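Heads up: the structure comes next, in structure tokens.
Letters A, B, ... mirror the listed sequences (proteins, then strands); counts begin at 1. Keep in mind the model is a prediction, meaning the values are calculated, not measured.
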Amino acid sequence: MANKLVLIDGNSIAYRAFFALPLLSNEKGIHTNAIYGFTMILMRILEEEQPTHMLVAFDAGKTTFRHKTYGEYKGGRQKTPPELSEQFSFLRELLDAFNIKRYELENYEADDIIGTLARQAAKEDFEVKVISGDKDLTQLATEKITVDITKKGITDVDSYTPAFIEEKYGLNVNQIIDMKGLMGDSSDNIPGVPGVGEKTAIKLLKEFGTIETLLESIDKVSGKKLKEKLEENKEQAIMSKDLATIMTEAPIEVTVSDLLYEGYDTKNVIAIFKELSFNSLLDKLGESGEDVTEDLEEISFEVLEEIKEEHFANDNFLMVEVLDENYHKAEIQGIALVNEKGNYFIPTEAALKSDQFAAFASDLTKKKSVFDAKRAIVALKWQGIELNGIDFDFIIASYIVNPSETSTDLAEIARKKGYFQIETDEAVYGKGAKRSIPDQEIVAKHLVRKTFAMQEMKESFIHELKDNEQLKLFEELEMPLSLVLTEMEALGIQVDRNRLEDMGEDLSNKLVKIEEKIYELAGETFNINSPKQLGVILFEKLGLPTVKKTKTGYSTSADVLEKLAEKHEIIQQILHYRQLGKLKSTYIEGLLKVIHRDTNKIHTRFNQALTQTGRLSSIDPNLQNIPIRLEEGRKIREAFIPSKEDWIIFAADYSQIELRVLAHIANDEKLIEAFNENADIHTKTAMDVFHVSKEEVTSNMRRQAKAVNFGIVYGISDYGLSQSLGITRKDAKTFIDRYLESFPGVKAYMEESVMDAKDKGYVTTLLHRRRYLPEITSSNFNLRSFAERTAMNTPIQGSAADIIKKAMIDMAAKLEEENMQANLLLQVHDELVFEAPKDEIEKLKKIVPEVMEQAVDLKVPLKVDYSYGSTWYDAK
DNA sequence: AATAGTCAAA
DNA sequence: TAGCGGTTGACTATTT
């Protein structure tokens with residue numbers, strides 16, 4: 001079969017695709033329309049042309065040899081839109097995935113590369129196809145070379161052959177450059193001869209052949225004006241022709257034979273399609289993308305029954321496999337180690353009894369990269385092995401680069417990075433009831449694969465962190481924090497089991513009484529906890545008016561019931577029943593269930609890679625939502641006690657940290673002033689919004705101002721504010737507008753933040769945390785509005801999260817430095833909870849506020865309040 | 001096993 | 001013109 005070379009003008013096709021398609025974007029907010037269009041064209045060509053050789057040529061740099069001839073060449077061109085520029089790096093990745101060669105050459109344009117290669121290939125008897133959106137390329141057409149120029153859309157092309165050109169213009173191919181020289185080209189800023197367009201150019205060339213012969217016999221040109229113009233612009237015409245002429249002898253370093261195209265690797269293509277969210281193209285590949293792991297390459301490894309120093313290196317990739325979601329006191333399935341010495345699987349028993357392994361694990365100078373550092377450290381800690389020297393956690397790196405990546409499976413993260421030699425844990429171990437531990441050999445293979453994948457991905461993550469200016473955030477904030485959190489989780493918090501049980505007993509008695517009362521009022525017994533049954537009783541049997549409906553029936557939520565409280569005695573009882581029921585099931589029984597048998601401690605886990613704002617979350621149990629607002633619930637905190645006698649619980653919280661952060665990043669004079677004066681911020685807000693003096697602020701004004709401030713912190717809408725204040729949406733909107741008029745700096749910040757998100761696709765916090773907001777350009781009002789509020793809110797909440805994280809690290813260091821016994825136990829978003837011996841109280845009173853307030857330096861002071869007592873309840 | 005409704009916290 | 005209207009985790013009931 002004859003050789004066939006396809007040459008694509010990369011920049012030109014990308015431009016065409018970009019302008020032909022609406023702005024699409026993937027979940028990271030990277031625009032993808034140009035890449036998408038390019039891919040469609042690419043796939044069509046591969047199918048229709050079946051090329052044996054292929055190349056995509058790109059323009060390199062800003063200037064070319066043509067600029068020497070004519071400084072204004074391509075002058076006045078609109079800057080490439082940033083939405084397009086950002087797509088080029090992905091385009092290159094895409095071509096690599098397709099195994100298609102790409103090439104660019106300093107000083108030359110894509111045209112010249114294509115021209116040179118096209119001529120070479122034609123000489124070697126190739127059939128050549130050129131694809132571009134730029135008609136200049138048509139000058140290359142010969143019997144061997146066909147030039148496809150895209151028409152309006154992206155799928156339609158005109159195929160320029162010598163015959164087609166003859167028919168279209170009545171000129172031969174060689175005259176294309178003469179035509180261009182006469183006409184000029186506004187897009188390349190080639191001047192040509194003023195007043196000469198396509199029609200005149202063709203007419204002249206038909207008569208005279210070339211520009212040169214035309215200029216020699218200008219006398220014969222008919223038309224006085226035209227003659228004058230030609231006379232005046234002789235040199236310009238020659239130069240224009242020169243500029244338009246494609247260089248077919250560019251000093252390229254590739255030869256036609258280098259361009260061999262042997263098809264693409266579906267796996268790689270699927271990977272990049274997934275990264276770009278090209279779901280329809282994935283379908284086209286005939287792959288749902290699910291079963292791409294069928295034929296994994298074997299990775300050789302050694303099973304180490306005996307571990308020796310020769311197996312350890314200075315840089316290691318380590319996987320401590322713990323299948324139990326809750327890694328406290330959980331079983332370890334095995335350990336994999338990958339480093340320059342080799343790939344190893346270490347059976348758990350072998351590792352646990354090995355002094356050598358323990359020495360390696362605890363050695364700070366033996367650096368380890370892991371997936372889920374807290375899991376590895378805590379699991380080993382429960383087995384008596386100290387794990388130190390972890391300086392890279394992929395779960396955190398992935399989260400920092402993009403917090404919307406919340407996958408806890410290494411395979412999923414690897415696949416997003418285009419690495420496929422790995423299976424998901426679910427595929428290997430099964431899920432739910434079907435979860436089982438396969439033979440050690442299978443576990444070993446899987447672990448080594450996962451560990452090997454880490455090694456393959458590390459560079460790429462570091463590169464990405466650097467590009468995002470997030471390396472510091474990763475190395476100096478999140479990685480050290482994970483170690484602080486590990487200590488907190490492993491230490492746990494002491495709980496007074498008897499206190500909880502007594503409270504539970506008390507609640508049970510109360511609940512029985514309320515239950516009886518409810519049944520009496522309802523005239524029958526039913527399950528009060530069933531919204532469905534309760535709905536029937538309230539809205540059908542008792543005929544109360546329905547306020548709100550849910551998907552499945554009547555809403556019985558607290559805000560609905562509160563509106564009905566006047567109408568029937570039963571409502572109060574139900575609300576009270578709910579309140580106590582919540583305490584009993586979630587807090588009494590829930591907490592009792594997770595108390596560690598032997599120590600009476602609770603070990604929560606902090607999820608460090610989940611929230612979109614950078615906050616932590618707490619699970620199993622959630623210790624960040626222990627009741628406080630209502631006294632009955634607050635009592636639960638009496639059960640949280642110090643772990644030693646004569647110790648106390650010490651709690652410190654930031655006062656108004658989010659609003660202080662707002663004052664700082666918005667640089668709002670009035671807000672800054674309020675905080676510098678240490679004013680009551682809600683009262684101050686009320687004064688400014690209602691234009692009254694401090695004395696004139698009523699409690700209602702302050703309440704409303706507080707609600708607005710709350711809204712700012714949590715990014716609620718006018719609807720949200722109207723709900724919390726019980727006013728109309730319109731009034732709420734007016735209220736917000738007045739707030740923004742009162743704080744012009746805040747208003748400007750809000751607007752800039754949204755603009756910024758639209759412009760860059762993401763927002764950032766004080767310490768460079770990112771959140772991508774692709775939906776900010778959505779035409780869907782809801783999605784867009786949410787993204788806009790998020791753009792305003794995330795830098796505030798996220799920066800506050802950054803600050804307390806920094807404070808935690810500083811605090812841990814300070815306690816160590818001061819040789820104190822106090823322990824950090826919990827973080828509750830703006831609050832740190834410690835336990836400490838009584839005789840450290842005075843010192844804590846000094847250093848805790850000091851460290852927390854100095855965590856970062858803002859334009860306003862940070863303020864920390866603290867308290868302590870014999871239980872968490874008493875630390876108020 | 002998954003989903004819906006509810007409610008606790010910052 | 002509405003649209004839908006902060007997050008996270010855990011519980012119970014209910015459906016699949």
Side-chain angles (χ1 to χ4, degrees), chain A residues 403 406 431-435 526-535 548-561 574-575 577-591 593-594 604-607 610-630 632-634 636-637 651 653-659 707 710-724 729 732-733 736 771 778-794 796-798 800-801 804 826-833:
Chain A
T406 53
K431 70 165 174 177
K434 287 191 204 111
R435 172 150 281 201
F526 63 100
N527 186 343
I528 307 167
N529 283 319
S530 162
K532 195 175 163 193
Q533 293 182 38
L534 180 62
K548 197 166 78 181
K549 288 202 147 192
T550 66
K551 265 186 257 182
T552 49
Y554 311 107
S555 169
T556 67
S557 62
D559 59 317
V560 169
L561 296 188
I574 289 166
L575 285 168
Y577 178 90
R578 282 243 182 101
Q579 189 206 328
L580 300 188
K582 176 88 178 175
L583 291 178
K584 184 159 185 276
S585 68
T586 303
Y587 296 103
I588 303 289
E589 288 162 2
L591 289 174
K593 256 188 269 181
V594 292
T604 185
R605 275 141 48 227
F606 290 103
N607 198 333
L610 185 139
T611 71
Q612 299 303 298
T613 54
R615 277 184 167 191
L616 299 173
S617 80
S618 157
I619 51 167
D620 209 9
N622 180 354
L623 293 183
Q624 291 180 320
N625 71 344
I626 302 301
I628 192 166
R629 288 173 195 172
L630 300 171
E632 281 165 300
R634 191 171 196 161
I636 299 282
R637 295 180 174 225
D653 68 296
Y654 281 109
S655 163
Q656 305 295 352
I657 188 170
E658 281 96 351
L659 292 175
F710 180 86
I712 301 278
V713 169
Y714 290 113
I716 61 171
S717 58
D718 50 3
Y719 177 86
L721 183 66
S722 75
Q723 288 297 297
S724 69
R729 214 180 95 183
K733 190 172 178 338
I736 292 171
R771 180 174 188 177
S778 170
S779 54
N780 178 316
F781 177 86
N782 302 319
L783 295 178
R784 192 177 63 245
S785 301
F786 180 38
E788 285 171 357
R789 288 201 304 280
T790 308
M792 303 183 242
N793 168 250
T794 295
I796 303 171
Q797 211 185 96
I804 195 164
L826 299 174
Q827 186 250 47
V828 192
H829 309 308
D830 68 352
E831 174 187 11
L832 296 180
V833 181

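For A:Ser617, a side-chain nitrogen or oxygen approaches OP1 or OP2 of C:dG9 to under 4.0 Å. For B:dA1, the OP1/OP2 oxygens have no side-chain nitrogen or oxygen of A:Lys431 closer than 4.0 Å. Note on A:Ser785: every side-chain N or O is 4.0 Å or more away from OP1 and OP2 of C:dC4.
Among the nucleotides C:dC11, C:dT14, C:dT8, the one closest to the side chain of A:Leu610 is C:dT8.
Atom CG in A:Asn607 sits roughly 11 Å away from atom C1' in C:dG9 (whole-Å rounding). The distance from atom CZ of A:Arg789 to atom C1' of C:dG6 is 7 Å, rounded to the nearest whole Å. Straight-line distance from the CZ atom of A:Phe606 to the C1' atom of C:dG9: 13 Å, rounded to whole Å.
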Practice problem: Report the C-alpha separation of A:Arg729 and A:Gln723 in whole Å, then their side-chain angles, then the decisive distance to 0.1 Å, and conclude whether the side chain to side chain contact (heavy atoms under 4.5 Å, CB included) test is met. | Solution: CA-CA 8 Å; A:Arg729 214 180 95 183; A:Gln723 288 297 297; over 6 Å; no
Quiz prompt | CA sep, side-chain torsions, deciding dist, call: A:Ile796, A:Leu659, side chain to side chain contact (heavy atoms under 4.5 Å, CB included) | solution = CA-CA 8 Å; A:Ile796 303 171; A:Leu659 292 175; over 6 Å; no
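Backbone-only contact: A:Ser618 has heavy atoms under 4.0 Å from sugar-phosphate atoms and none from a base. Residue contacts shown for A:Gln533 are limited to sugar-phosphate atoms, with no base heavy atom under 4.0 Å away. When heavy atoms are screened at a 4.0 angstrom cut-off, A:Asp620 is found touching the sugar-phosphate backbone but no base atom. If you check every strand for non-hydrogen atoms under 4.0 Å, A:Asn529 touches sugar and phosphate atoms only. Residue contacts shown for A:Ile619 are limited to sugar-phosphate atoms, with no base heavy atom under 4.0 Å away. Residue contacts for A:Asp653: at a heavy-atom cut-off of 4.0 Å it reaches no nucleic acid atom on any strand shown. Heavy atoms of A:Gly720 sit nowhere under 4.0 angstrom from any nucleic acid atom.
Atom C1' of B:dC7 sits at a distance of 16 Å from the matching atom of C:dG6, rounded to the whole Å. The same atom, P, is picked in C:dG5 and in B:dA4; the two are 14 Å apart, to the nearest Å. C:dG3 and B:dT6 have their C1' atoms separated by 25 Å, with the value rounded to a whole Å.
A donor-acceptor pair shorter than 3.5 Å can be found between the side chains of A:Ser557 and A:Asp559.
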For residues 526-533 of chain A, which side-chain N or O atoms pair as donor and acceptor with protein atoms under 3.5 Å away, sequence neighbours left out?
{"unit_1": "A:Asn527", "atom_1": "OD1", "unit_2": "A:Asn529", "atom_2": "N", "d": "2.8"}
{"unit_1": "A:Ser530", "atom_1": "OG", "unit_2": "A:Lys532", "atom_2": "N", "d": "3.4"}
{"unit_1": "A:Ser530", "atom_1": "OG", "unit_2": "A:Gln533", "atom_2": "N", "d": "3.1"}
{"unit_1": "A:Gln533", "atom_1": "OE1", "unit_2": "A:Asn527", "atom_2": "N", "d": "2.9"}

Self-check item: Nucleic acid footprint by protein, nucleotides 4-10 of chain B - heavy-atom cut-off 4.0 Å, B for base, S for sugar-phosphate alone
Solution: SSSBBSB
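Residues A:Gln612 and A:Thr406 approach most closely at NE2-CG2, 3.9 Å, considering heavy atoms.
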